[in-house]
Amino acid sequence: MRWSQTFIPTLKESPSDAEIISHKLLLRAGLVRKLTGGLYTFLPMGLRVLRKIEQIIREELNRAGGIEVLMPALQPPEIWQQSGRYETARDVLFKVKDSAQREWVLGPTHEEVITHLAAAEINSYRQMPKNFYQIQTKFRDEIRPRFGLMRAKEFIMKDAYSFDATDEGAMASYRRMYDAYTRIFARCGLKAFPVEADTGVIGGNYSHEFMVPAETGENDVVYCETSGYAANIEKATSRGPLLALPAASTGSVPEKFPTPGVVTIEALTADPYGVEASRQIKTLVYVADSQVILVLLRGDDQLNESKLMARTGAVQVRPATPEECVSTLGARPGSLGAVSGVPAKVTVLVDEALKGSVGMVTGANEDGFHFRHVEVERDIRVTRWADFRTVRVGELSVSAGQPLKIRRAIEVGHVFKLGTKYSEKMNATFLAEDGQRHPCVMGCYGIGVTRTLQAVIEQCHDDFGISWPVSVAPYQVCITPLSIMPGSLPITTAEKLYAELSAAGIEVLLDDRDERPGVKFKDSELVGFPLRVNLGEKSLAKGEIEIKPRNEPMFSVPIDQAAARVIDWVRQQSATLAG
RNA sequence: CGGGACGUAGCUCAGCCCGGUAGAGCACUUGCUUUGGGAGCAAGACGUCGCAGGUUCAAAUCCUGUCGUCCCGACCA
């Protein structure tokens with residue numbers, strides 16, 4: 001391809017609505033253009049990268065036994081009602097009406113469609129395992145699209161769904177996909193690593209997210225370098241808070257004392273009270289699926305809502321309003337406690353960090369008063385103990401007892417053992433060897449294709465622009481003649497090299513624009529081609545061609561060896577990425 | 001949905017406080033010069049100042065509303 005024939009609108013300056021580096025580079029390198037918030041047009045260079053990532057995904061999934069299908073993006077709401085997600089996924093569902101005022105759903109994912117298919121078509125254990133996948137545009141009614149392709153209203157996703165006759169079979173399918181994902185991201189040149197993920201209301205222990213470390217990511221990953229433990233902070237556990245609780249009881253009974261105007265943990269730590277946050281009990285009132293519950297944490301801990309949902313099985317949780325607090329406990333937030341005045345029907349969930357705690361301070365359910373000398377196990381009616389707190393950096397890992405670290409990351413993939421949640425609801429059953437009907441055991445597996453593209457940029461760039469791994473680069477080589485005067489040595493040599501490389505199957509872009517060398521150099525570095533070949537009068541006169549890998553120093557080779565050296569370089573880089 | 005900021009040329013932005021002929025740089029067109037790291041000179045084209053009302057002799061500028069964008073938060077199947 002010739003530069004003048006394609007369309008690469010590069011920009012010197014970043015549009016002001018781009019915040020993070022990968023978003024700026026997407027625009028500056030002419031890969032995409034914004035139509036409106038969360039909706040982007042892929043231009044030729046961006047589309048080529050996208051297709052390459054898709055191709056890597058296809059190859060690896062096919063190798064892992066996946067079979068490609070294509071499901072409708074437009075879906076009837078009935079199947080969403082059947083699975084129950086018409087309600088639970090309400091906030092992200094795009095709905096449209098046709099001319100007859102009939103409602104349709106634009107699919108954010110396809111569990112319902114594929115399970116509907118399986119229900120009709122899979123009747124025997126002999127038809128399994130099956131693993132269907134597709135690469136398709138998804139729609140999600142994001143409240144706040146941001147960061148370019150990272151979080152968009154419309155995005156391309158690879159989604160796969162496995163069907164097995166047995167739990168062991170489902171685990172094997174899961175493992176195959178986990179391994180395939182590892183290879184896919186490695187081939188894309190991405191340093192992505194799997195972390196344990198929250199399984200939400202479905203439960204179970206089999207969910208991993210593939211994370212790309214990046215400060216601009218929207219996830220916090222907790223990890224231990226010694227044991228290799230890594231988990232999404234929604235799921236992560238530790239050996240508990242670092243600060244130990246006081247060992248000795250400070251009094252035999254809870255004692256009420258006045259705390260006028262004190263409504264925060266922090267205010268109680270100040271004079272004249274001087275109660276450290278770790279000696280306070282934080283009493284949170286939540287509404288879990290319309291049920292009012294209390295959650296008690298140590299004052300210096302934060303509630304982890306994902307854990308709350310996982311432990312209670314609630315589909316939706318939210319903090320209670322001040323009015324709901326008053327009607328339940330008789331006091332406003334800031335003076336709440338569970339020592340007295342808790343209605344018998346209200347569930348009291350207590351974080352395990354409070355186990356054995358004595359000499360604690362908590363609200364008295366009376367505005368302006370707190371209790372001191374509280375012993376949780378003695379003075380509070382505990383419905384259930386569990387882990388509800390958010391892990392903090394430096395706490396010790398459960399397995400190795402070493403300090404945990406936390407870092408930001410971009411989620412690019414997710415593997416999830418679903419079990420029979422959807423197959424039961426949508427009646428996807430089969431006849432097993434034992435002559436009985438069983439629900440299929442399912443797994444689902446997603447890769448954000450457009451997000452992966454941007455994650456590569458986020459990870460592979462420098463001050464000059466993008467630096468594509470050769471496996472996903474829009475073109476592997478950019479030939480840059482410094483003069484395009486017809487008949488001049490640079491352009492004739494360039495044409496010859498272009499023909500040789502193309503014949504060898506190398507993807508080459510020939511920068512045939514009538515631009516000054518500086519412009520061509522800057523543009524090729526901005527767009528990020530892995531290898532550039534400079535053809536200038538001076539070096540050609542010496543019988544040499546300059547080869548400039550994007551990330552390595554330039555070197556010169558004799559003209560007649562140039563094609564072979566370029567081909568070698570590209571093949572070597574490709575081989576490295578292919579593992 | 002709450003809090004904040006911003007909408008002026010294709011892009012980045014100034015002008016707005018204090019109302020009076022709509023600006024700069026980059027990009028674009030033409031010519032000349034230049035030709036190994038985002039060139040120089042000259043000429044040129046490009047705008048209902050987001051939109052709608054209002055105040056005023058007069059509104060990019062002041063007021064009200066509205067739409068859009070971005071940031072923080074809430075949300076994230």
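Note on naming: letters A, B, ... go to the chains in the order of the sequence lines (proteins, then strands), and numbering restarts at 1 for each one.
Taking atom P on both nucleotides, rG25(B) is separated from rA42(B) by 11 Å, rounded to a whole Å. A distance of about 42 Å separates the C1' atoms of rC51(B) and rG31(B), rounded to the whole Å. For the P atoms, the distance from rU64(B) to rG23(B) is 29 Å, rounded to whole Å. Here the separation of rU55(B) from rG65(B), taken at their C1' atoms, is 15 Å to the nearest Å. If you take atom C1' in rC46(B) and the same atom in rA24(B), they sit 15 Å apart, rounded to whole Å. A gap of 50 Å separates the P atoms of rG36(B) and rG73(B), to the nearest Å. Remark: the separation of the C1' atoms in rC62(B) and rG2(B) is 28 Å, to the nearest Å. Comparing rC17(B) with rU21(B), their P atoms sit 13 Å apart, to the nearest whole Å.
For R144(A), a side-chain nitrogen or oxygen approaches OP1 or OP2 of rC71(B) to under 4.0 Å. Dashed line: the shortest gap from a side-chain N or O of S16(A) to OP1 or OP2 of rC13(B) is under 4.0 Å. For rA27(B), one of the phosphate oxygens OP1 or OP2 lies less than 4.0 angstrom from a side-chain nitrogen or oxygen of K12(A). When the side-chain nitrogen and oxygen atoms of R516(A) are compared with OP1 and OP2 of rU35(B), none of them lie within a distance under 4.0 Å. For rC75(B), the OP1/OP2 oxygens have no side-chain nitrogen or oxygen of R318(A) closer than 4.0 Å.
Take the nearest nucleotide of RNA chain B for A89(A) and for T10(A): the residue whose nucleotide is more 5' is T10(A). Two residues, D91(A) and P15(A), neighbour RNA chain B, and the one matched to the more 5' nucleotide by heavy-atom proximity is P15(A).
The side chain of E13(A) sits closest to rU12(B) out of rU12(B), rG36(B), rU35(B). In the set rG36(B), rG38(B), rU69(B), the nucleotide with an atom closest to the side chain of L526(A) is rG38(B). Closest approach to the M554(A) side chain among rC72(B), rG36(B), rC70(B) is made by rG36(B) (side chain taken as heavy atoms from C-beta onward). Closest contact between the side chain of E305(A) and the listed nucleotides rG38(B), rC75(B), rC70(B) involves rC75(B). Which of rG36(B), rU12(B), rU69(B) sits closest to the side chain of D17(A) comes down to rU69(B). With rU69(B), rG36(B), rC71(B) as the choices, the nucleotide that has an atom nearest any side-chain atom of F147(A) turns out to be rC71(B). Out of rG36(B), rU34(B), rG38(B), the shortest distance to the side chain of S539(A) is found at rG36(B).
For the pair R102(A) and W104(A), the cation-pi test (distance below 6.0 Å, angle within 45°) is passed.
Pairing for rA27(B) is absent, with no Watson-Crick or G-U wobble pair whose two atom distances lie under 3.5 Å. Pair assignment for rG73(B): rC1(B), on the basis of Watson-Crick or G-U wobble contacts that are both within less than 3.5 Å. With a cut-off of 3.5 Å on both Watson-Crick or G-U wobble distances, the partner of rG7(B) is given as rC67(B). With a 3.5 Å ceiling on both atom-pair distances, rU56(B) lacks any Watson-Crick or G-U wobble partner. Partner assigned to rA39(B) is rU33(B), using Watson-Crick or G-U wobble distances below 3.5 angstrom. Pair assignment for rC18(B): none, as no Watson-Crick or G-U wobble contacts are both less than 3.5 Å. Across all strands shown, rU48(B) forms no Watson-Crick or G-U wobble pair with both key distances under 3.5 Å.
The CD-C1' distance, from E515(A) to rG40(B), rounds to 15 Å in whole Å. Rounded to whole angstrom, the span from the CZ atom of F94(A) across to the C1' atom of rC76(B) amounts to 14 Å. Atoms CG (D514(A)) and P (rG31(B)) sit 12 Å apart, rounded to a whole Å. As a whole-Å value, the separation of E19(A) CD from rU12(B) P is 13 Å. Atoms CD (E154(A)) and P (rC76(B)) sit 22 Å apart, rounded to a whole Å. In this structure, D141(A) places its CG atom 11 Å from C1' of rC75(B), rounding to the nearest Å. We find that CZ of F7(A) is positioned 13 Å from C1' of rA27(B), with the value rounded to whole Å. As a whole-Å value, the separation of K522(A) NZ from rA27(B) C1' is 18 Å.
For the atom pair OG1 (T41(A)) and CG (L47(A)), the distance works out to 11.0 Å, reported to the nearest 0.5 Å.
Counted by atom type alone, H461(A) and S22(A) present zero donor-acceptor pairs between their side chains at under 3.5 Å. Side-chain contact annotation: Q75(A) with W80(A), donor-acceptor N/O pair under 3.5 Å present.
Heavy atoms of R90(A) sit nowhere under 4.0 angstrom from any nucleic acid atom. Across all strands shown, E546(A) has heavy atoms under 4.0 Å from base atoms, whether or not it also approaches the sugar-phosphate. Residue contacts shown for R532(A) include a base, since a base heavy atom lies under 4.0 Å away.
Remark: aromatic rings of F193(A) and F185(A) are distant, center separation not under 6.0 Å.
F163(A) and F132(A) have perpendicular rings, their planes meeting at more than 60° on a 0 to 90° scale where under 30° would count as parallel.
Between I484(A) and I491(A), the closest heavy-atom pair is CA-CB, 4.0 Å. Closest approach of V32(A) and L27(A) over heavy atoms only: O-CD2, 3.7 Å. H110(A) and M71(A) make their closest contact through CD2-CB, 3.5 Å (heavy atoms, listed as atom of the first residue, atom of the second, distance). Between G465(A) and L25(A), the shortest heavy-atom distance links the atoms CA-CD2, 3.9 Å. Taking each heavy atom of A494(A) and I479(A) in turn, the nearest pair found is CB-CG2, 3.8 Å.
Environment of CG in D560(A): crowded, with over 12 heavy atoms of neighbouring residues, nucleotides or ligands closer than 6.0 Å. The number of heavy atoms from other shown groups lying within 6.0 Å of CD (Q302(A)) does not exceed 12.
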Between protein and nucleotides 49-52 of chain B, what N or O pairs are separated by less than 3.5 Å?
none

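Within residues 31-47 of chain A, the residues approached by RNA chain B to less than 4.0 Å at the level of any non-hydrogen atom are K34(A), T36(A), G37(A), in residue-number order.
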